[in-house]
There are 2 protein chains.
Amino acid sequence: MPDITLDERSQLILNAVISCYITTADPVGSRTLWKKYKLTVSPATVRNIMADLEEMGYLQHPHTSAGRIPTEMGYRFYVDALTKAKSKADKIAPQIKELSRWYSGGSKNADDLFKSLCRELSAISQYIGVITTPKWQNIIYKHIKFICLRENQYLVIFVTQNGIAQQRLIEVKEAYTQEQLDQMARCLNDNLNGQPLTQVRKKILELMAQEKDAYNRLLQDAVELSQGVLNNIAESKLYVEGELNMLNQPEFADIDKMKAIFRAFEEKHHLIKLLDKCLNDDGVNIFIGSENEADRMRDCSLVTATYRDHNQVVGTLGVIGPVRMPYSQVISLVEYAAKLLSEILSKQ
Amino acid sequence: MPDITLDERSQLILNAVISCYITTADPVGSRTLWKKYKLTVSPATVRNIMADLEEMGYLQHPHTSAGRIPTEMGYRFYVDALTKAKSKADKIAPQIKELSRWYSGGSKNADDLFKSLCRELSAISQYIGVITTPKWQNIIYKHIKFICLRENQYLVIFVTQNGIAQQRLIEVKEAYTQEQLDQMARCLNDNLNGQPLTQVRKKILELMAQEKDAYNRLLQDAVELSQGVLNNIAESKLYVEGELNMLNQPEFADIDKMKAIFRAFEEKHHLIKLLDKCLNDDGVNIFIGSENEADRMRDCSLVTATYRDHNQVVGTLGVIGPVRMPYSQVISLVEYAAKLLSEILSKQ
DNA sequence: GTTAGCACTCTCATTAAATGAGTGCTAACG
DNA sequence: CGTTAGCACTCATTTAATGAGAGTGCTAAC
């Protein structure tokens, strides 16, 4: 963090350099800047200022006779200024229009909803869309169903309030009739319908303690059967769409950088961890380059926002692109997407 | 198709060139070949033979002073010879060992099974694994379930004999109690359990004609509700894994070729069509380069095999890699994978 | 403090020459 | 007549040299 705040003119130049570089991907020189932004000061002065900015660490030089490009610190300054000024510049960006067209109002099951929104994030931004699913702890138990496929092999289907159906195939030695299975399911459903998943385990234990009668044996089995599915659904899931968009970014024309990116996405748990960390900071979060800890993501930036379900923060969505990214637009997009998703979830 | 069959020595040279090129990816010259395969004839003679092979269209020259590389016709010859000689060379390839280690015998639902096998195909071959799901027509109706999530919003879950559960969220104006829904489902289940999907539609029509009584209205609704899911499940699905492996292939170091490949995979229907065509030809099928009609796949080869469910061909699996591919190994792998999958499906 | 001028630096594209792998051809050999 | 050695030739690739262009940094003047 620099001790001296930049004077207004320096800020102007810095922002100009960055926004110019964002659009062209070429190092920007003093003359270019002067012409493009019709600066009142001459290129020579601009050069002096840029030299100062470089000394302070906001800009860098690929080589002596090239223009300047922003450092991560430069981007950070730019983005911070952007988010501060955000409220006033709240004009309706074209990306937002596009996104609002996406949601036609028809209801989808949650899986399709997330996937489709994730696609949309990617398509509009031309980068990579990511969404983490809600922490399933906040999810409401709706229904469980056991189906006997063949001897000793059962399909367990678990449905949550918002229409997520999880299925799992299990094998047990015990042989149940479909009738018994239905009875087991009914017992669970009657008692657990409408409970948040956090409560379900507790409730199950209560149930088992209460009922000392004939049902008890069946109930135990039912619990055992459903265990796998319930555990499974507790895991949070990551949606990623549009990796291939990175192929179009000039900064990844180098095949090795390309590989690094794709490799980074193979290890999804890193990404999940990063996104989950954002859950605590409500609103928009931005990670520039090496601020994403994963080394392979050092050429990428991540813009995230948290979304809510019935006014409680449950998940994160965002866009991943190159560090050189039109932050302003992406921020609008991500912010709006989060708002939209929150509305959709809360309506359901 | 060449009128004159190649004499033995020419075949030897041709196969040597191809197998050498497959391992090194470099054009192979006469001297190299002579040394590597300890040929009894001199490099000069090899040159003469290669010139002949070139004239016949089996080999080609990137430029005058480079070695030879196979043409598609060359590969075709090589592969045909390979498959003919296959039976005798049926030694246990290391890939097969790896694959047999994969299947631990535990049962999975079909979706996980396909996905996991597809991953395995990709991981072992280091190329791209593909599987088309069975034509769902051959699939057995097991169970349908309607769940009311909230007013006018229902989740339809459809389960097939082999444990595929399809779900769909639908909205209708009609308001049903859960009891009514169960009744509807029971009606369908009682009548359709065990029927192949091809029969289901017919059967439904019969049912509706038969029952003129009170159930009829409910049944009609049930059919309407289930329509979406039944249509959905009729679509065959494509599993693709390991696209990123292509990043390691030297022939795709060029970023544009890379893009072409990835684009090709965005249009999955082409691939599905191609794979479905193989359903008619039982056993292993190989498409070399432009033999895959899609122009973007012209630098790739596809090795497929059909697999069976209870002795009836139901789907195709395969591996996609560069044209320069160790066909022998890949063929073994694909062949064995198909056999294995057939066994697994038939056991269930 | 700002600006104009100018020498200087470094990249990138182009050209030229050197290198070398591998062929094609020819003539000799068994 | 098939096979081989020898040799000139071709063409991609590498290395070096050159020049243009962009942009800076410095200095001196305003």
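Order of the sequence lines sets the chain letters (A, B, ...), proteins ahead of strands, with each chain counted from 1.
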Nucleic acid contacts of residues 16-26 of chain B, taken as heavy-atom distances under 4.0 Å to DNA chain C: none
So do Pro70(A) and Arg324(A) actually touch side chain to side chain, heavy atoms under 4.5 Å? no
Which pairs count as salt bridge (Lys or Arg N to Asp or Glu O under 4.0 Å) when at least one residue sits in residues 11-22 of chain B, sequence neighbours excluded? none
Who are the salt bridge (Lys or Arg N to Asp or Glu O under 4.0 Å) partners of Glu241(A), not counting sequence neighbours? Arg119(A)
Which parts of residues 35-54 of chain A get close to DNA chain C, meaning a heavy atom less than 4.0 angstrom away? Thr40(A), Val41(A), Ser42(A), Ala44(A), Thr45(A), Arg47(A), Asn48(A)
Would you say Thr83(A) and Tyr327(A) are linked by a side-chain donor-acceptor pair, where the criterion is simply a distance under 3.5 Å? no
Nearest whole Å is fine: how far is dA21(C) P from Leu33(B) CG? 17 Å
When you check the phosphate oxygens OP1 and OP2 of dT2(C), does a side-chain N or O of Arg9(A) lie under 4.0 Å from one of them? yes
So, Ser19(B) and Tyr37(B): side-chain donor and acceptor under 3.5 Å apart, yes or no? yes
Any salt bridge (Lys or Arg N to Asp or Glu O under 4.0 Å) pairs touching residues 31-55 of chain A, not counting sequence neighbours? Glu54(A)-Arg68(A)
Tell me every residue that passes side chain to side chain contact (heavy atoms under 4.5 Å, CB included) with Gln126(B), counting only those two or more places apart in sequence or in another chain. Asn245(B)
So which protein nitrogen or oxygen atoms get under 3.5 Å of nucleotides 11-20 of chain C's nitrogens or oxygens?
none

Leu317(B) and Val130(B), any side-chain heavy atoms less than 4.5 Å apart: no
Taking only residues two or more places apart in sequence, or in another chain, which ones meet Tyr78(A) in a ring-ring contact (aromatic ring centres under 6.0 Å, His included)? none
The complete set of salt bridge (Lys or Arg N to Asp or Glu O under 4.0 Å) pairs with one or both residues in residues 291-303 of chain A, sequence neighbours excluded, reads Arg76(A)-Glu291(A), Glu267(A)-Arg296(A), Lys277(A)-Glu293(A), Asp295(A)-Arg298(A)
Do Ser290(B) and Glu72(B) meet the criterion of a side-chain donor-acceptor pair at a distance under 3.5 Å? yes
Contact interval (first through last nucleotide) of DNA chain D with protein chain B, 4.0 Å heavy-atom: dT3(D) to dA12(D)
Will you find, in the side chains of Thr45(B) and Asn48(B), an N or O donor that is under 3.5 Å from an N or O acceptor? no
Residues passing the side chain to side chain contact (heavy atoms under 4.5 Å, CB included) test with Thr71(B), sequence neighbours excluded, are Gln60(B), Met73(B)
Is it true that atom NZ of Lys259(A) has more than 12 heavy atoms of other residues, nucleotides or ligands lying nearer than 6.0 Å? yes
Side-chain touch Leu274(A)/Phe287(A), heavy atoms, less than 4.5 angstrom: yes
A correct dot-bracket answer for DNA chain D, with pairs being Watson-Crick or G-U at under 3.5 Å, [ ] for crossing pairs and | for inter-strand pairs, is ||||||||||||||||||||||||||||||
